[in-house]
Amino acid sequence: MTDPIQPELIAMPEDVMRIILEKCDFISIQRLRSTCHAFRNFIDLEKPSYHFKSILIAGNPRAMYLSFSEEDSFDLCYPKGQKIDIIYAKIDEERTKIQWHREDKICTKTIENSNFIDLICQDFGSIVNRSSTNFDTLGISLEKVDYVNIQKVLESCGKNPIKVHTLSIQSGTCQEDVMGILRFICPDTFENLVIHCSGSRWDISRIVESDHWKKAKKMSMTKMPVRVGIQNFEHFENAQFCMEEATADDVIRVKENFLNSSSTTKYLQISFEHFHDENRLIESFGQPYPGTDNFFCKMWFFRRHDGYVLLAIIPHISIFLLILFCIFGRFSLLFSQFFIFFFYFKNVLVFQTKSTMTDPIPPELISMPEDVMRTILEKCDFLSIQRLRHTCHTIRNFIILTKPKYRIKYIEVAGSHRDMKLFFSEGGAYDLWPPKIVMVYAKHDEETTAVYWLRGNGDHTKIVENSNFLNLFSRDLESILDRNSTILDTLVINCDENVPGRIQKFLETCGKTPIKTHALSIVNATRYEDVTAVLPYTCPDTLKNLEIDGDIGRWDISKIVEMDHWKKAEKLEMRGMSVRAGIQNFMHFESADFCMDEGTTDDVIRVKENFLKSPSTTKYLHIMFDCFNDKDRLMELFGEPFRGIEWFFRRPDNNVLSIELHGTHLTCYIKTLARVPEGARVIG
């Protein structure tokens with residue numbers, strides 16, 4: 001018995017190499033690429049995808065800065081997502097120093113015969129062209145950087161426009177700077193334009209004619225006054241900007257636009273340098289709401305046809321400056337412009353003012369307007385809402401009537417004969433953030449239940465009298481499912497100690513409204529009845545992934561394969577048990593990983609024909625047989641396998657089906673013809 005020789009990384013099977021690349025970040029892939037020609041060629045052929053959501057470009061005449069993150073904010077690091085910063089610094093005409101920062105360390109490398117602009121272009125183009133999703137945010141800072149260098153970086157993406165939802169431009173000097181960047185952005189995915197460029201007045205007549213402007217839903221240009229008509233902003237759902245001068249006609253036009261809009265979330269904020277039409281506005285709107293001059297502003301309310309009310313607020317300049325100058329002194333110049341806000345309230349706010357300058361009394365929560373209360377509930381998680389519910393009858397009744405929605409994506413159920421455990425989160429199954437909330441319903445005695453809940457801000461306990469722990473658990477789980485606003489990403493049922501039987505009563509109450517989830521994981525199952533006890537209470541139309549983890553042994557799954565959930569699922573993973581079912585029951589899956597009691601050559605032939613006829617190029621199958629004694633017949637039909645384990649078959653689309661039979665493991669997947677090893681025979 002000698003220690004086994006550890007396989008070299010480059011000798012790993014291609015599917016293992018793909019998994020390795022999936023786990024690597026951008027920096028690690030670049031390092032692997034530099035180790036040898038084999039790695040470089042494999043990576044260039046495979047073209048691994050990146051999953052970045054945000055990119056920031058900045059620099060100066062001698063260096064360029066590139067930051068990319070897996071979150072939609074540049075301020076987030078682990079555990080919410082990876083963030084990498086790279087600095088490309090010019091040493092001299094022929095050398096560049098690259099320094100990259102990420103959460104685990106800082107590394108530096110000097111590259112000979114290189115130009116720092118060429119290097120950032122190479123990396124930026126690779127990130128954009130291999131991104132697996134649209135970017136949430138692209139930030140570009142033009143402060144101190146040569147604008148020509150920014151153009152070169154953006155041009156590195158080739159002919160394909162960059163697909164991004166939000167474009168943020170800092171420190172531009174004119175609309176030509178913005179137009180020069182917009183031509184590299186895809187207008188069809190564009191939603192939000194943010195420009196922060198302080199200084200002189202801007203002519204944006206060309207910007208407002210672009211498709212990006214017309215298709216965007218949000219915009220913010222708050223530091224430079226613009227010269228353009230108010231009608232160019234009416235299509236935005238949310239707009240914040242400055243104008244040189246506004247008139248009563250502008251305000252009237254905005255009012256009509258808001259009254260005729262179908263949106264109830266529309267928002268507009270404008271700052272003016274000059275507004276001299278206040279008296280005409282009063283002639284048109286009538287007297288403002290009584291007493292609002294004491295708030296240093298004038299307010300008007302306009303009822304819409306759908307019952308909502310539009311509130312217009314225009315500060316009163318003379319009192320505005322005087323009061324704020326006396327109280328805040330150093331902030332007086334900050335308020336030397338006018339502001340106008342438009343937004344919606346379900347009920348009209350009641351303002352209370354006093355003739356003397358006293359500190360305002362903070363309003364009690366229960367006296368808040370209904371729309372404010374709804375906003376508060378939208379920000380609360382499940383536990384916070386349950387606590388609010390117990391503060392008083394008024395809030396409890398409001399919550400019952402409002403039925404606030406939750407945004408739960410992950411639910412796990414476990415338990416024993418004396419307790420039930422409920423795990424839930426607004427994040428995915430493997431997300432570290434937001435943290436999962438854990439609730440334990442434990443039997444205290446025959447008439448009381450101890451409820452423990454654990455989350456990021458601490459652990460809490462409560463004793464509930466005259467209660468049964470199963471009833472409390474079922475009530476809360478039913479409330480979550482009934483009020484959840486999204487389809488679950490993952491539902492996990494842990495079958496330890498007959499959990500499906502214990503929650504049978506609850507599951508039956510969900511019968512008329514099946515639980516909608518994309519992935520169902522049934523773990524620690526001891527028999528196929530554990531699976532058939534749960535599946536009928538989930539919605540087959542939303543189920544995509546089915547995972548079953550059970551005891552070692554042979555299972556007859558003939559009843560499971562006849563269910564709609566099995567037939568409509570796209571991905572299957574069964575661990576632990578060996579199943580008795582015909583291979584034809586697994587052919588519809590896009591990805592399947594399971595064990596069978598026995599495999600035959602006929603099974604392999606059937607799988608081969610299914611893969612050759614399938615239009616999918618990502619189809620995958622892995623089967624572990626308890627025994628496979630038919631390999632000699634397989635070799636008679638297919639010929640001698642490459643390296644003793646693998647056959648290649650040409651598909652009609654010129655891709656290649658790879659069938660590997662390694663011992664009792666059968667693996668089938670599709671690859672391009674270029675990735676077939678040299679010397680291997682392609683059949684067909």
Could you check whether any side-chain N or O of [X] sits under 3.5 Å from a backbone N or O of [Y], counting only pairs where one atom can act as donor and the other as acceptor?
X      : Y      : value
His165 : Thr189 : yes
Thr375 : Asp371 : yes
Ser485 : Tyr406 : yes
Asp136 : Lys53  : no
Gln175 : Asp203 : yes
Asn260 : Glu256 : yes
Ser261 : Ser263 : yes

Do Asp249 and Thr247 pair up side chain to side chain, a donor and an acceptor below 3.5 Å, judged on atom types alone? no
When you check the side-chain N and O atoms of Asp489 and Tyr410, is any donor under 3.5 Å from an acceptor? no
Please walk me through it: do Leu154 and Phe124 pass side chain to side chain contact (heavy atoms under 4.5 Å, CB included)? CA-CA 8 Å; Leu154 297 176; Phe124 181 78; 4.2 Å; yes
When rounded to the nearest 0.5 Å, the distance separating CD1 of Ile140 from CD1 of Ile195 is 11.0 Å
Separation between CG (Leu401) and CZ (Arg396), nearest 0.5 Å, reads 10.5 Å
Over 12 non-hydrogen atoms of neighbours within 6.0 angstrom of [atom1] in [X]:
X      : atom1 : value
Lys217 : NZ    : no
Lys218 : NZ    : no
Lys462 : NZ    : no

Go through the steps for Glu237 and Thr265 under the test side chain to side chain contact (heavy atoms under 4.5 Å, CB included), then give the verdict. CA-CA 7 Å; Glu237 180 70 10; Thr265 57; 2.3 Å; yes
Which heavy-atom pair separates [X] from [Y] by the least distance, and what is that distance?
X      : Y      : answer
Lys516 : Ile487 : O-CG2, 3.5 Å
Lys163 : Cys186 : CG-CB, 4.0 Å
Met221 : Val226 : CE-CG1, 4.0 Å
Tyr147 : Asp177 : OH-O, 2.9 Å
His235 : Asn232 : CE1-O, 3.4 Å
Phe190 : His212 : CD2-O, 3.4 Å

Quick one: which of Val492, Leu491, Thr490 gives a side chain to side chain contact (heavy atoms under 4.5 Å, CB included) with Leu488? Leu491
Given side chain to side chain contact (heavy atoms under 4.5 Å, CB included), test Phe398 with Leu388 step by step and report yes or no. CA-CA 10 Å; Phe398 181 80; Leu388 277 174; over 6 Å; no
Look at Glu378 together with Arg374 and state whether they make a salt bridge at an N to O cut-off of under 4.0 Å. no
Under a 4.0 Å N-O cut-off, is there an ion pair linking Lys266 with Glu234? no
Stepwise side chain to side chain contact (heavy atoms under 4.5 Å, CB included) test for Leu477 and Ile411: CA-CA 9 Å; Leu477 182 54; Ile411 292 179; 4.1 Å; yes
Would you check if the distance from the ring center of Trp213 to the ring center of Phe233 is below 6.0 Å? yes
